[in-house]
Amino acid sequence: MNKSRKHRLQSVLETFFAALIVIILMLPFYIMFMMGTYSTAEIFRILPFKPGSHLLENLKQLMASNFLQYYWNSTKVAVCTTVGSVLISTMAGFGFAKFHFKGKGFLFSMVLVTMMIPTQLGLVAFVKEMKVLGWINTHLALIFPSMAHAFGVFWMTQFMKDNVPDEVLESAKIDGCNDGKAFIFIVIPFVRSAMVTLVLLVFIASWNSFLVPLILLNKQEMYTIPLGITTLGNFFRADYAVRIAGLAMGTIPLILIFALGSKYFIKGLMAGAVKG
Amino acid sequence: MNKKEKRKMQISPYLFIAPFFLVYIGFNLFPILYSFYISFTDWDGIHAPQFIGVKNYIRLFTVDPYFWKSVLNTFLFVAVCVPALVFGGMLMAVMLNAKWVKGKRTLQCLSFLPYLTTPVAIGLIFALIFDWQTGILNRVLQAAGWMDTAYDWLGSPGTARVIVILMVVWKYLGYNTMFFLSGMAGISSDIYEAAEIEGAGTVQIFFKITVPLLKNIMVFVMLTSIIGGLQLLEEPMQLFSGWATSSTQLGGPGSSCLTVMWYLYDTAFGTTMRQGLGAAISYSLFVIIAVFAFFSYRLSYRGEDAYE
C-alpha cells in the first residue's frame, strides 16, 4: 500500500519533469503553428499563445502564390531521393555485411571516412560539375547526388550483420536462390525497420535542405518549399504571416510520416544502435 | 560447378556496392578533389581559372578580415553545442526513460518534432521571438514588469551567439535523445535492478552504469554533432536574413555569428563570386581540423603510453 503510493508520487514527479522539458522544447514549434493563424500585423502585436483568425486568409494567399508548385517540387525531390538512397544503402549494406571479397576492408573504411568528411568540402566544384552537366535548375541535381549516403551504408551494414541470419541465406542458396532474389525476398523483409528509419532520416533531410537548392535553382517554378517560402510577399513588404503559415504547412507531411513511421523508427534505431 | 560458383561469389558483392560507389565517386569524391585544385586558382566561376599557387591560402591566413573570425565562431559553436547535445541528450533520454514516466512514447515522439522543422522556419521563429522592438520575449518581459527598456538580443554579439546556440541545441536535442534512448533499450533492466538492490543512488547509477554502457553511442553522437556543427550555416543565416536586423554586416552583429560555411557561401556564391577563394576556405577549415585531430590523437596516445 505504502509502496504503491510512493511509486505513484514518483510517477507523477518523473512524468512532470519529463513533460516540462518536452513542453519547453515544443514551445517554438507551437508558436510557429499559432503564428500561422495571424495576420502579419498581429504577429508583431499579439503574443502567439492561442490561435488567431487569419488561417484561411493566409492559406488563400498561399494558394494564390506558387506554393502548390513548391509543394509538388519538394515531394518529387524528397520521394525520389529517399527511394534511391535507401535502395542503394540497403544494397551496399548487404554487400558489406554478408560477403567476403577483395578490397572489402579498404572500401568499408572509405565509407567510414566519408561519414567524417563534411560534404561541403567539394561544394564549389560540385556546382561547377552541375553546370557542365547542364543540371542547373533541374531537380536531378538535388536528387541524384544525394543518393550516396555514407551513413545509410554504415547503418545498413551494422544492422544486417546482427539481424539477417546467415543460415537462412545459406539454405536459400542451396535451394538455388541467386543473390539478387535473396536480396529482394529474404534480406529486405528482415531489414524493414532499419529501412523505415533510413527513409525518415533521408526524407527529412531532403525536404528541409536549403543550401544546395539555393545555389542551384534560380527559376521560381523549380523552387522547393524552404526556398519558395523565402520569396513570399511582394518586393516591398515580406508577408511573414503567410510565410509562417506556409512553413507550418510544409512541416505537416514530415509530422505525418514521422507519426506513421515512429514505431519502426525507434525499433530500427534500437536494433542498429546497440553496437553504436 | 565449383569454379563457376566461386566466380559468381566474386562478382555479386561488387554489384551490390557498385551503385553507392559510382554515385559517391562521381558526385562527392570527384568534387572534393577538384575543389582542391580550384583552391589554388583565382576563378569567378565564368572565365577560365587562373593558377595562382597558394595565394588564396596566404590571404586567408594573414590578411583576410573574416576568415579567422569565422573559424573561431565555428569552433565556439561546436565547443558549446556538442557537449550540450551529448550530455543534454543523455540526460533527457534518462528522464524520458525513467521507470515511472507515463506516456513515454508520446513524449519521446514529441521531443523529436524540432528536428522536423526546416532551418528557414527555425530562423524566422527565433527572430520573431528575440526581435528588439516586436519580439515575443521582450514583450513578455516588459508586460511582466521584469524589464524597463527593450533589449536588443539579436543586436549584440554575445546574446546573438547565445541565440544561435539555443537554435542548434533546440533542433538537435530530441534527435540525439533518440539515439541514446535506443542504446538504453539495449541495456538489460537486470543490471539496474541489481544496482538498486545494492543500494546505488540515481546519480551513481547514471555515472557508473548508464554512461559507460552508452560509450559507443556517445562517440557516435559526438562525431556526428561535430561534423554537423562544422557545417553550421542555415540557422544563423536565416536568423539574420529577415527584417530583424537592419545591419547589413555579414554574419550578424560584429560578424559574431559568421560561420566558416556561411563565409564560404558568401564568398563563392553570395556577395562575391570568388570561387577559388571559396574552395580555399573549405580546405583551410579541413586542414585546421586535421592538424587539430592529429595533435589531440598524438597527445592522447602519448598519455596512454606513459601509463604502460
Side-chain angles (χ1 to χ4, degrees), chain A residues 7 10-11 14-15 17-19 21-22 25-26 28-29 31-32 43-44 47 88 91-92 94-96 99 101 107 114 116 118-126 129 145 147-148 153 179 204 208 210-211 215 226 229-230 238 243-244 247 250-251 254-255 258 262 266 269-270 273-276, chain B residues 10 12-14 16-17 19-20 23-24 27-28 31-32 34-35 38 92 95-96 98 100-102 107 109-111 113-114 116-121 124-125 128 134 136 139-140 170 173-174 178-179 182-183 185-186 216-217 219-220 227 230-231 233-234 243 261 268-269 275 278-279 282 286:
Chain A
H7 282 167
Q10 202 177 352
S11 163
E14 284 180 352
T15 310
F17 281 113
I21 292 184
V22 172
L25 272 183
M26 290 284 295
F29 198 77
I31 289 175
M32 171 170 82
I43 281 182
F44 297 108
L47 290 178
I88 286 177
M91 282 173 69
F94 181 47
F96 279 123
F99 293 92
F101 56 91
L107 289 172
T114 307
M116 300 296 136
T119 41
Q120 264 85 336
L121 193 56
L123 187 64
V124 171
F126 176 72
E129 191 185 7
M147 283 185 183
V153 175
D179 292 329
I204 294 167
N208 285 339
F210 182 69
L211 178 66
I215 297 174
I229 292 289
T230 56
R243 281 190 192 185
I244 293 177
L247 290 167
T251 316
L254 295 184
I255 297 176
F258 182 70
S262 69
I266 295 170
L269 274 186
M270 280 175 187
V274 179
K275 288 199 162 176
Chain B
Q10 286 287 317
S12 61
Y14 294 108
F16 279 110
I17 63 169
F20 170 76
V23 179
Y24 166 68
F27 295 105
N28 287 27
I32 285 175
Y34 190 39
S35 279
I38 293 176
M92 208 164 102
M95 289 189 83
L96 289 178
W100 306 102
V101 167
K102 290 267 157 57
L107 289 176
C109 287
L110 287 178
S111 74
L113 287 182
L116 300 182
T117 323
T118 161
V120 176
L124 194 52
I125 298 163
L128 286 165
T134 55
I136 298 166
R139 278 188 287 157
V140 169
W170 175 72
L173 191 65
M178 281 288 181
F179 286 95
S182 67
N216 282 343
I217 302 214
V219 172
F220 173 79
I227 302 295
L230 293 174
Q231 302 188 58
L233 151 92
E234 290 160 347
W243 83 102
M261 282 313 300
F269 307 105
Q275 312 221 321
S282 51
F286 185 67

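Per chain, numbering begins at 1; letters A, B, ... match sequence-line order.
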Of all the heavy-atom pairs spanning [X] and [Y], show the shortest one and how long it is.
| X | Y | answer |
| --- | --- | --- |
| A279(B) | I38(B) | CB-CG2, 4.0 Å |
| P31(B) | A125(A) | O-CB, 3.2 Å |
| P119(B) | N208(A) | CD-O, 3.8 Å |
| F16(B) | D179(A) | CZ-O, 3.7 Å |

Side chain, backbone, both or neither of [X] within contact of chain B (heavy atoms, under 4.5 Å):
| X | value |
| --- | --- |
| F17(A) | both |
| L121(A) | both |
| L25(A) | both |
| T119(A) | both |
| I255(A) | both |

Heavy-atom side-chain proximity of F101(A) to I17(B) below 4.5 angstrom: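 SC-SC contact between F101(A) and I17(B) confirmed.
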
Taking every non-hydrogen pair under 4.5 Å, which of [options] racks up the most with chain B?
| options | result |
| --- | --- |
| I31(A), L107(A), I43(A), I21(A) | L107(A) |
| G250(A), P118(A), G95(A) | P118(A) |
| A92(A), A19(A), P28(A), P226(A) | P28(A) |

Test item: Q275(B) side-chain N/O and A268(B) main-chain N/O as donor-acceptor pair under 3.5 Å: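 Here the side-chain-to-backbone pair exists.
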
Pick from [options] with the largest number of heavy-atom pairs that fall under 4.5 Å of chain A:
| options | result |
| --- | --- |
| K102(B), R139(B), M92(B) | R139(B) |
| Y34(B), W170(B), F286(B) | W170(B) |
| L233(B), V219(B), L173(B), L113(B) | L113(B) |

Spacing of T251(A) atom OG1 and F29(A) atom CZ [to the nearest 0.5 Å]: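 It comes to 5.5 Å.
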
Heavy-atom distances under 4.5 Å only: say whether [X] touches chain A with side chain, backbone, both or neither.
| X | result |
| --- | --- |
| M261(B) | side chain |
| I125(B) | side chain |
| F269(B) | side chain |

Check: F94(A) ring centroid to F99(A) ring centroid under 6.0 Å: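 Yes; F99(A) has its ring centre under 6.0 Å from that of F94(A).
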
With E129(A) via side chain to side chain donor-acceptor pair (under 3.5 Å) - residues at least two apart: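 Partners of E129(A) by the side chain to side chain donor-acceptor pair (under 3.5 Å) criterion come out as none, since no residue qualifies.
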
